[in-house]
Student: 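One structure, as structure tokens, below. Some questions next.
Heavy-atom basis, side chains included; hydrogens, waters and symmetry copies ignored. As the structure is a prediction and not an experimental result, all values here were calculated from the model. The sequence lines fix the lettering, A, B, ..., with proteins before strands; numbering per chain opens at 1.
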Amino acid sequence: MNLFETFRERVVTIVNEIVAAGDLPEGLNLDRINLEPPRDTSHGDMTTNAAMVLAKPAGMKPRDVASKIAEKMKSLEALKNVDIAGPGFINFSLSNSFWHAQMADILDLGVRYGDSQMGKGAKINVEFVSANPTGPLHVAHARGAVTGDALSLLLRKAGYDVTTEYYINDAGSQVDTLARSTHLRYLEALGEDIGTIPEGLYPGDYLVPVGKALADRDGDKWKLADEAEWLTEFRTFAVAQMMDLVRDDLQSLGIKQDVFTSEKALVEAGTVDAVFKTLDEKGLIYTGELEPPKGKPVDDWESRPQTLFKATEFGDDTDRPLKKSDGSWTYFTNDIANHYDKYRRGFSQMIDIFGADHGGYVKRMKAATNAVSGGEASLEIKLCQMVHLMKGGEPMRMSKRSGNFVTLRELIDEVGKDVVRFIMLTRKSDTQMEFDLQKVLEQSRDNPVFYVQYAHARCHSVLRNALEALSVADIAALDLKDSDFARLEDPAELEIIRTMVNWPRMIEGAAQAQEPHRIAYYLNELATQFHGLWNKGKDNASLRFVLTDDKELTLARLALIQAVALVIASGLSVFGVDPLEELR
RNA sequence: GCGCCCGUAGCUCAGUCGGAUAGAGCACCAGAUUCCUAAUUUGGGGGCCACAGGUUCGAAUCCUGUCGGGCGCACCA
């Protein structure tokens, strides 16, 4: 529980006491009472809307309710300056000693500061990337990958039991295309001239080594064989190779999912049949005809009876086909089985991260998950909008022909894993964003990655210099935890402590909203405050961190810096970004 | 035609389950800057929160409609 929640409970307790005393009516809904830091810091350290939300149901004026509450709050420990403002806000501040006491917590917990029990260990499944295993990951996968991974880290920090998952689409026709493309490369490896890759097959060079590996292993065994003989073997081999590629790409982003579920395996295990049967028994399957699509005209459209799932009963716009014209399962049916399988494995909360181009798929998947679990499982789907890659303010065309890169790997090679991760997380995932490859490598205020990393590095630099100045070998020898925090009296120092104390609340808020990008803004703010304090020391020598004539104050300030470094590191860890101790 | 996402400063974007005078960075203008610990710093101008209604003590936020942008729209994956 964060401190704001603690004080909120105290306010609720006070309200209940007032009710018990008969000064407020019984049966008031207290859920809408908030307690938060005010936007304007001149209003104090904390503010509550309690009086305003209670006034109307109580049939009283907000300021009258406020004065009753404020009167009792004055007796709370550590509180000072309780007052009523505006339409009925109750603002108050906490004593400096209260804030100083929080320093010990931060230093004690280190990067675990901000860990929360909010999730109560609830199991939650986060599926992301799930790109077709037909080649290396594309830059377009980067945002979903990073968002999914960071969201998982965030939820873990907030106390959820998170399992990350990748669903391998290895049962559709695209993996047959992969197998055929690989066969061509196999023939090439055996010395045949394959010419240009025919339309409809995958032309990428990454299949050359796969074909060669098969030629090395099996010789010319498949050279003259019919496709029916080699297709399965080539598909299995190539998919395995492609998944190795994908895993390597993810690894280079620092991502390693816990579970890889194979679509093919789900089909072969009969899970899809079981799902179909379940839906059928619930009366959610029927045979009918659909309207022709309303968008672009489809050339090969033919009206025919289809096996349909009653998705409309669960909020979808139309019912959805479960079988293709050849009688096999649709991708959708298999994906229902995928989500059913997760439910069966004990996940009642699931999150999928999709690209924006899959937006049309959201309603049906949520509908199906709802149906197949009998309403017991909930599926959230987060859409990641497109990222426009820029270079020096100019949009980049992403095509091999123009010599610009197209793969995720190439993007990482250009700017580095940590930059990709941080920048992708600086914007809300469901809005489009720009990513300027030039700007993110600049060492300036304009580059949030640099600015935050620099703050962390600067903390460590100060600590290193301090050790030298104090002739101490190891920071542990300073016992910073036992410093006299009361010496931190400058408003800028207290402001930093308040910001750090807000960190646990940030984690809970961001986790609840499933919005990792809030962390980026928080880190930027903390970095700004720290850099600001550093700069004050330029003008005012008494505000420097290391003061040779005042060891007590120096130690207290070093403790503050240590705390800042820890909170920044804690924040970066949620992003999966490694904090730097020096910039070079 | 329908569905989803979005529209906030010149630009890129925040804005906490509805809260006080709507914020940040960049850009722009003006000042400081052989003081130092590491990559300057201080201040300023700049807004019909797309538009119009509605709900509310209170709306950028919720609801309805209009306009504008993005994505998607049998059997593919």
Student: Quick one: is A:His456 getting a side-chain N or O under 4.0 Å of the B:A38 phosphate, OP1 or OP2?
Tutor: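 Negative; the distance criterion is not met.
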Student: Which nucleotide, B:A20, B:U16, B:C75, lies nearest any side-chain atom of A:Arg505?
Tutor: B:U16
Student: Does B:A22 have a Watson-Crick or wobble mate here (both distances under 3.5 Å), and if so which one?
Tutor: none
Student: Considering only atom P, compute the distance from B:C62 to B:C5 and round it to an integer number of Å.
Tutor: 11 Å
Student: What's the gap between B:C57 and B:A20 when it is taken at their C1' atoms, as a whole Å value?
Tutor: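 Looking at atom C1' only, B:C57 and B:A20 are 13 Å apart.
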Student: Check whether any side-chain N or O of A:Thr431 sits under 4.0 Å from OP1 or OP2 of B:G7, and answer yes or no.
Tutor: no
Student: May I ask you to evaluate whether A:Ser173 reaches the phosphate of B:A77, defined as a side-chain N or O under 4.0 Å from OP1 or OP2?
Tutor: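 The answer is yes; a side-chain N or O of A:Ser173 sits under 4.0 Å from OP1 or OP2.
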Student: Between P on B:G58 and CZ on A:Phe89, what's the gap in Å once rounded to a whole number?
Tutor: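 Nearest whole value for this atom pair: 13 Å.
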Student: When the distance from CG of A:Asp436 to P of B:C26 is rounded to whole Å, what number comes out?
Tutor: 15 Å
Student: Between A:Lys294 (NZ) and B:C4 (C1'), how many Å, whole number?
Tutor: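 In whole Å, B:C4 C1' and A:Lys294 NZ are 18 Å from each other.
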Student: Heavy atoms from C-beta onward define the side chain here; which of B:G58, B:A77, B:A20 lies closest to that of A:His43?
Tutor: B:A20
Student: Between P on B:U8 and CE on A:Met433, what's the gap in Å once rounded to a whole number?
Tutor: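 Answer to the nearest Å: 17 Å.
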Student: For the base of B:A14, is there a side-chain donor-acceptor partner from A:Thr426 under 3.5 Å away?
Tutor: no
Student: Measure the distance from CZ on A:Arg458 to C1' on B:C36 and round it to the nearest whole Å.
Tutor: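 In whole Å, B:C36 C1' and A:Arg458 CZ are 10 Å from each other.
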Student: Counting only side-chain heavy atoms from C-beta out, which of B:G70, B:A77, B:A20 sits nearest to A:Arg39?
Tutor: B:A20
Student: Does B:U61 pair with anything, Watson-Crick or G-U wobble, both distances under 3.5 Å, and if so, with which nucleotide?
Tutor: none
Student: In whole angstrom, give me the gap between the C1' atoms of B:C67 and B:A77.
Tutor: 35 Å
Student: Less than 5.5 Å between centroids and less than 30° between ring planes, does A:Trp301 satisfy that with B:A74?
Tutor: no
Student: B:A20 base to A:Asn91 side chain: any donor-acceptor pair below 3.5 Å?
Tutor: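 Looking at the base of B:A20, it does pair with a donor or acceptor on the side chain of A:Asn91 (distance under 3.5 Å).
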Student: Between the side chains of A:Lys391 and A:Asp436, is the shortest nitrogen-to-carboxylate-oxygen separation below 4.0 Å, so that they form an ion pair?
Tutor: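 Salt bridge: no.
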Student: Look at the side chain of A:Leu383 and decide which nucleotide, out of B:A14, B:A77, B:C4, has an atom nearest to it.
Tutor: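 Selected nucleotide: B:C4.
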Student: When the C1' atoms of B:A22 and B:A60 are considered, how many whole Å apart are they?
Tutor: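 It works out to 8 Å between them.
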Student: Indicate yes or no: does A:Glu442 engage A:Lys439 in a salt bridge with an N to O separation below 4.0 Å.
Tutor: no
Student: Measure from the side-chain heavy atoms of A:Lys538 and tell me the nearest of B:C5, B:C35, B:G19.
Tutor: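 Nearest to the side chain of A:Lys538 among the choices is B:C35.
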Student: Taking OH from A:Tyr361 and C1' from B:C71, how many angstroms apart are they, rounded to a whole number?
Tutor: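 The distance from OH of A:Tyr361 to C1' of B:C71 comes to 17 Å, rounded to the nearest Å.
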Student: Of all the choices, B:C17, B:G19, B:C4, which nucleotide is nearest to the side chain of A:Asn34 once you look at every atom?
Tutor: B:C17
Student: For the C1' atoms, the ones on B:A24 and on B:G47, what distance do you get once it is rounded to whole angstrom?
Tutor: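 Looking at atom C1' only, B:A24 and B:G47 are 15 Å apart.
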Student: One thing to verify: whether A:Arg505 and A:Glu5 come together as a salt bridge, which I'm taking to mean a side-chain N less than 4.0 angstrom from a carboxylate O.
Tutor: no
Student: What is the distance, to the nearest angstrom, from the CE atom on A:Met118 to the C1' atom on B:U16?
Tutor: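 Nearest whole value for this atom pair: 13 Å.
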Student: When you check the gap from the basic side-chain N to the acidic O, do A:Arg320 and A:Asp316 get nearer than 4.0 Å?
Tutor: yes
Student: Within this structure, what is the CD-to-C1' distance between A:Glu434 and B:A14, rounded to whole angstrom?
Tutor: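 In whole Å, B:A14 C1' lies 16 Å from A:Glu434 CD.
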Student: Taking the C1' atom in each of B:U40 and B:U66, what is the distance between them to the nearest angstrom?
Tutor: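 It comes out at 50 Å once rounded to the nearest Å.
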Student: Determine: side-chain N/O of A:Asn535 to OP1/OP2 of B:U41, distance under 4.0 Å, yes or no.
Tutor: yes
Student: P atom, B:G54 versus B:A59: distance in rounded Å?
Tutor: 12 Å
Student: When rounded to the nearest Å, what value does the distance between P atoms of B:C75 and B:A50 take?
Tutor: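 Taking atom P in both B:C75 and B:A50, they lie 36 Å apart.
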Student: Assuming nearest nucleotide by heavy-atom distance, tell me which of A:Phe545 and A:Pro38 is located more 5' along RNA chain B.
Tutor: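 Taking each residue's closest nucleotide, the earlier one in sequence belongs to A:Pro38.
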Student: If only side-chain N and O atoms count, and only distance matters, is there a donor-acceptor pair under 3.5 Å linking A:His388 with A:Gln432?
Tutor: yes
Student: Measure from the side-chain heavy atoms of A:Pro87 and tell me the nearest of B:G19, B:A77, B:U56.
Tutor: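 Closest nucleotide to the A:Pro87 side chain: B:G19.
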Student: What's the closest nucleotide to the side chain of A:Lys428 if the choices are B:A74, B:G15, B:A38?
Tutor: B:G15
Student: Give the nucleotide from the list B:C75, B:A14, B:C36 with an atom nearest to the side chain of A:Thr330.
Tutor: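 In terms of side-chain proximity for A:Thr330, the closest of B:C75, B:A14, B:C36 is B:C75.
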Student: Answer with yes or no whether the side chains of A:Asn338 and A:Asp341 bring together a donor and an acceptor at under 3.5 Å.
Tutor: no
Student: Which nucleotide in the list B:A74, B:C71, B:G15 gets nearest to the side chain of A:Met386?
Tutor: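 In terms of side-chain proximity for A:Met386, the closest of B:A74, B:C71, B:G15 is B:C71.
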Student: Is A:Lys382 paired with A:Asp352 through a side-chain N to carboxylate O contact shorter than 4.0 Å?
Tutor: no
